[in-house]
Amino acid sequence: MLKQDNYLSFAIVCGFFVGVICGLAKFDEPELMILWTILSTMGIYLITIVCISVYYLFIDSSDAKVHKEKLEESLEHYRKEFDKKEQEVQDIRNFIKGLQSTD
């Protein structure tokens with residue numbers, strides 16, 4: 001399932017290329033081509049924002065909720081793993097300092 005940001009990015013790219021193609025086909029002046037490209041990109045972007053907003057208005061948000069306990073457990077696990085790695089790095093630094101001081 002695509003995320004909201006992916007839809008917006010896709011809409012901006014599509015709007016740009018549709019604007020460029022229509023601008024090249026319709027106008028001879030470069031200023032009007034650029035203006036048409038900007039306007040079509042903004043128009044498609046706004047249409048996509050409205051569609052995504054309506055979609056999220058009617059979707060059941062109970063599935064999208066984050067389970068707090070599971071998230072906290074996962075974060076605690078990663079914190080402990082980070083502490084272990086940090087201790088390993090500190091031990092390696094102390095070992096290297098010990099080797100350098102004996103020279």
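Heavy atoms only: backbone and side chains are in, while hydrogens, waters and symmetry mates are out. Note that this is a predicted model, so its numbers are computed, not measured.
- With hydrogens and angles ignored, the 3.5 Å screen pairs a side-chain donor or acceptor of S101 with a backbone N or O of G98.
- Here the CD1-OH distance, from I12 to Y7, works out to 15.0 Å after rounding to the nearest 0.5 Å.
- Hydrophobic clustering of Ile, Leu, Val, Met, Phe, Trp and Tyr side chains at less than 4.5 Å, counting indirect connections, unites Y45 with Y55.
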Under 3.5 Å, side-chain donor or acceptor atoms of residues 69-77 against the rest of the protein: list the pairs with distances, not counting sequence neighbours.
unit_1, atom_1, unit_2, atom_2, d
E76, OE2, R79, NE, 3.2
E76, OE2, R79, NH2, 2.5

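- The one candidate from I21, L24, V20, L32 that meets the side chain to side chain contact (heavy atoms under 4.5 Å, CB included) condition with T37 is V20.
- In this structure, V89 is not a member of the same hydrophobic cluster as I96, with clusters built from ILVMFWY side-chain heavy atoms closer than 4.5 Å.
- Atoms CZ and CG, from F27 and L35 in turn, are 7.5 Å apart once rounded to the nearest 0.5 Å.
- Taking both residues in full, the closest heavy atoms of S40 and G19 are given as OG-CA, 2.9 Å, listed atom of the first, atom of the second, then distance.
- For the residue pair C22 and W36, the shortest heavy atom distance occurs at CB-NE1, 3.0 Å.
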Checklist entry - Where do Q87 and D91 land on the side-chain hydrogen bond (donor to acceptor under 3.5 Å, both in side chains) test, with the steps shown first? => result CA-CA 6 Å; Q87 184 61 41; D91 292 342; 3.0 Å; yes
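- Both V13 and M33 belong to a single network of hydrophobic side chains, linked directly or stepwise wherever heavy atoms of I, L, V, M, F, W or Y lie under 4.5 Å apart.
- Follow the hydrophobic side-chain contacts under 4.5 Å out from Y56 and you reach L46 in the same cluster.
- In this structure, OG1 on T41 lies 8.5 Å from CG on L39, to the nearest 0.5 angstrom.
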